[in-house]
Amino acid sequence: MKPNRIRAIALATMTLTAAIAQASSHREAPFITTVPKVDASDFYMFRSYEPGRSEHVTLIANYLPLQDAYGGPNYFAMDPNALYEIHVDNDGDAREDISFQFRFRNTLAGGGAGVSLNIGGKSVGIPLVQAGTVAKVRDANLQLAETFTVGVMRGDRRKGSAQMLTGAGGATHFDKPVDNIGVKTIPNYAAYAAQHVHTVNIPGCSQPARLFVGQRQDAFAVNLGTIFDLVNAPVGVITDATLIGAAPNTLADKNVTTLALEVHRSCLKSSEQGDDVIGAWTTASLRQARVLDGTPPSGHQTTEKAGGAWVQVSRLGMPLVNEVVIGLKDKDKFNASKPSGDGQFIDYVTNPTLPALLEIALAAPGIAPTNFPRNDLVTTFLTGIKGVNQQKQVTPSEMLRLNTAIAPVAFAQQNRLGIVGNILAGGSDNAGFPNGRRPKDDVVDIALVAVMGGLCMANGNNDALGFGAACKPSAVPLGATAFKLHDAVDQAVVPLLPGFPYLNTPLPGSR
């Protein structure tokens, strides 16, 4: 291959990575940038690989991305006027069968009076959320109490009534830890946060579940700043598989807020369908009417009065669809949509524009796959892979799909490239992306391989992955080179916990 051709391919790949760098879902659509508290950044679903918990499925929805650890004095409380949900489709009809609904409440101590100090004979409220060292749940030194409820709705998310998850003593309100202010305020944040892992009962489920909501270190890794600076990186790096960790992870100093729920897999499957595969996604909704109070009363944590129907403003299942598949004009529309209506977006998947745009922008014709319609992407994003994570009866729709019958793989043995890496290595790890998604799965690199036709190469001549006859090696100009693509940031080295809630302790505001 000629040197200028190699350079064109490398540059094209790096530019593609620039678009994928918004993955999983940080600020992916115009409207969501205005309401970061309801911006879903990542969604994970996997068989729990913590020892002794393999019969459970962990669902993790991350919100409010790009948190700086030093973001005081108010930090990153969740929106009490929002509805955060995790939906599960267990019969393949692209409609939710189970929805876990999270609502938040943020209150000041003393019934809204807050914490005061005697200043010159007058009781004056303090400006910080803490008045001293914090070590336990509902610590007396915390001025702000963050609590939440979780309801489970079966069937349509807006019809009927939700039953509440309950904890010790039948409690329906759960405590959320304050964000990691710093080591002086919270000397042992890991121990403090661990007190907020709740054992809960889910109505209709005979097995207890585990629940945690709180700040975590962002587990997503990407070469973000460099890529958006007009691909300001060496062109020879991202096609060299030995350099997967050549660049620093620009999200390494960021935190997120995690909604984590671990549920026995029998409670997520459909007993009627007898299908081990489930699909899931997360959404956030706001009230249709939002009015600002020009004279907010003392003691309230918001100046907003909200009412009317819920309006969905964020949606996230697979970690790349709204970023690099959906056109800019429809990004807000996609965030407001449901999987059952995904037929309106089908052309974005079957005939993706990004590879063609790269050819035009870089004057490098012939590097894009030509297997139209792109059934390899339809399988990856809309149906699941037959024999792996495709439901018995499936309506093509965008969501994360997991075969709950595939046993988890211990963290140390997980292939960071999921099923793609399993194919390359000839291994036995089918428990990773796109069969669900684990925190270790390098979805940026996997997506690079998929978008540039790498899964077609893995498909082979016998159509092993069900992509259709059009998906053949001759339709993938990059050929085996597609397997070597990466963004020079290694997802596998991001620090994680060995068990629930799996995402690492958040970075402190001071050390």
Side-chain angles (χ1 to χ4, degrees), residues 43-61 86-100 152 154-155 202-210 260-282 317-319 339-340 378-411 413-415 418-423 427-441 446 455 464-467 500 502:
F43 182 60
Y44 304 90
M45 177 171 62
F46 53 92
R47 280 277 296 271
S48 300
Y49 49 85
E50 178 183 345
R53 304 295 295 183
S54 62
E55 289 301 304
H56 294 76
V57 170
T58 296
L59 304 117
I60 297 175
I86 296 175
H87 309 282
V88 177
D89 168 22
N90 58 24
D91 59 11
D93 65 354
R95 301 179 187 276
E96 64 273 8
D97 297 294
I98 306 171
S99 294
F100 297 101
V152 58
R154 300 187 185 276
I202 302 174
C205 177
S206 61
Q207 301 287 335
R210 288 194 293 184
L261 188 61
E262 185 189 59
V263 184
H264 197 276
R265 62 191 180 111
S266 65
C267 298
L268 297 173
K269 301 188 300 180
S270 169
S271 58
E272 297 178 359
Q273 296 291 328
D275 197 339
D276 289 313
V277 178
I278 60 174
W281 66 101
T282 184
M318 294 289 288
S340 58
V378 170
T379 298
T380 301
F381 292 123
L382 302 182
T383 67
I385 299 171
K386 188 176 182 179
V388 180
N389 66 333
Q390 186 176 114
Q391 290 166 296
K392 293 179 179 179
Q393 298 179 6
V394 60
T395 300
S397 51
E398 190 279 307
M399 63 182 72
L400 198 59
R401 291 178 170 86
L402 174 71
N403 188 336
T404 65
I406 295 178
V409 174
F411 180 78
Q413 281 73 52
Q414 291 176 13
N415 194 310
I419 291 178
V420 173
N422 184 45
I423 292 171
S428 58
D429 182 7
N430 282 323
F433 184 78
N435 179 30
R437 180 188 175 190
R438 303 168 300 199
K440 188 177 180 178
D441 292 338
I446 298 169
L455 292 183
L465 298 178
F467 293 160
F500 187 81
Y502 293 98

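This chain uses plain numbering: 1 for the first residue, then up along the sequence.
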Exercise. Judged by atom type as modelled, is there a donor-acceptor pair below 3.5 Å linking the side chain of Asp441 to the main-chain atoms of Phe433?
Worked result: yes
Seminar exercise, completed: Tightest non-hydrogen contact, residues Met45 and Leu59, listed as SD-CD2, 3.8 Å
Exercise. In chain order, what residues pass the side chain to side chain contact (heavy atoms under 4.5 Å, CB included) check against Gln414, with sequence neighbours excluded?
Worked result: Tyr49, Val409, Phe411, Asp429, Arg438, Lys440
Problem set entry | side chain to side chain contact (heavy atoms under 4.5 Å, CB included) evaluation trace for Arg265 with Glu55 | CA-CA 6 Å; Arg265 62 191 180 111; Glu55 289 301 304; 2.9 Å; yes
Exercise. Does the side chain of Ile86 come within less than 4.5 Å of Phe43's, by heavy atoms?
Worked result: yes
Exercise. Going through the distances and angles, do Asp97 and Arg154 end up as a salt bridge (Lys or Arg N to Asp or Glu O under 4.0 Å)?
Worked result: CA-CA 5 Å; Asp97 297 294; Arg154 300 187 185 276; over 6 Å; no
For this session: Using side chain to side chain contact (heavy atoms under 4.5 Å, CB included) as the criterion, list what pairs up with Ser340, not counting sequence neighbours.
Result: Ala94, Arg95, Lys338
Problem set entry | Side-chain donor/acceptor of Arg47 to backbone N/O of Ile406, under 3.5 Å | yes
Exercise. Are Asn430 and Asn422 close enough that a side-chain donor and a side-chain acceptor fall under 3.5 Å?
Worked result: yes
Problem set entry | Validation row: Leu268, Asn90 side chains within 4.5 angstrom (heavy atoms) | no
Problem set entry | Shortest non-hydrogen contact from Asp93 toward Asp91 | OD1-OD1, 2.8 Å
Problem set entry | Validation row: Ile202, Phe100 side chains within 4.5 angstrom (heavy atoms) | yes
Problem set entry | Closest heavy-atom pair and its distance - Ser48, Thr58 | OG-OG1, 2.8 Å
Problem set entry | Main-chain N/O of Lys392 paired with Asp275 side-chain donor or acceptor, under 3.5 Å | yes
For this session: Verify side chain to side chain contact (heavy atoms under 4.5 Å, CB included) between Met399 and Asp89, making sure each step is shown before the conclusion.
Result: CA-CA 9 Å; Met399 63 182 72; Asp89 168 22; 3.8 Å; yes
Exercise. For Met318, does its backbone N or O pair with a side-chain atom of Glu398 as donor and acceptor, under 3.5 Å?
Worked result: yes
Exercise. Going through the checks in order, is the side chain to side chain contact (heavy atoms under 4.5 Å, CB included) test met by Val378 and Thr380?
Worked result: CA-CA 6 Å; Val378 170; Thr380 301; over 6 Å; no
Exercise. For the side-chain contact (heavy atoms from CB on, under 4.5 Å) test, which of Asn389, Val57, Val277 pairs with Leu402?
Worked result: Val57
For this session: Considering non-hydrogen atoms only, spot the tightest contact between Val152 and Pro203 and give its length.
Result: CG1-CD, 3.8 Å
Exercise. Should Val263 and Gln207 count as side-chain neighbours, where that means a heavy-atom distance under 4.5 Å?
Worked result: no
Exercise. Under a 4.5 Å cut-off applied to non-hydrogen side-chain atoms, are Pro339 and Trp281 in contact?
Worked result: yes
For this session: Work out which heavy atom in Ala431 is nearest to a heavy atom in Ala407; give both atom names and the distance.
Result: CB-O, 3.6 Å
For this session: For residues Cys267 and Ile98, report the shortest heavy-atom separation together with the two atoms involved.
Result: O-CD1, 3.6 Å
For this session: Look up atom NE2 in His264 and atom CZ in Arg53, then write down how far apart they are to the nearest 0.5 Å.
Result: 9.0 Å
Seminar exercise, completed: Across all chains, not counting sequence neighbours, the side-chain hydrogen bond (donor to acceptor under 3.5 Å, both in side chains) partners of Arg210 are Glu50, Glu262
For this session: Begin with the C-alpha distance, continue with both residues' side-chain angles, and end with the deciding distance and a verdict on side chain to side chain contact (heavy atoms under 4.5 Å, CB included) for Ile385 and Asn435.
Result: CA-CA 8 Å; Ile385 299 171; Asn435 179 30; over 6 Å; no
Exercise. Would you say Thr404's side chain and Asp276's backbone share a donor-acceptor pair under 3.5 angstrom?
Worked result: yes
For this session: Would you confirm whether Ser397, through its side chain, and Thr395, through its main-chain N or O, come within 3.5 Å as a donor-acceptor pair?
Result: yes
For this session: Taking the six-membered ring for Trp and the single ring otherwise, decide whether the centroids of Tyr502 and Tyr44 are under 6.0 Å apart.
Result: no
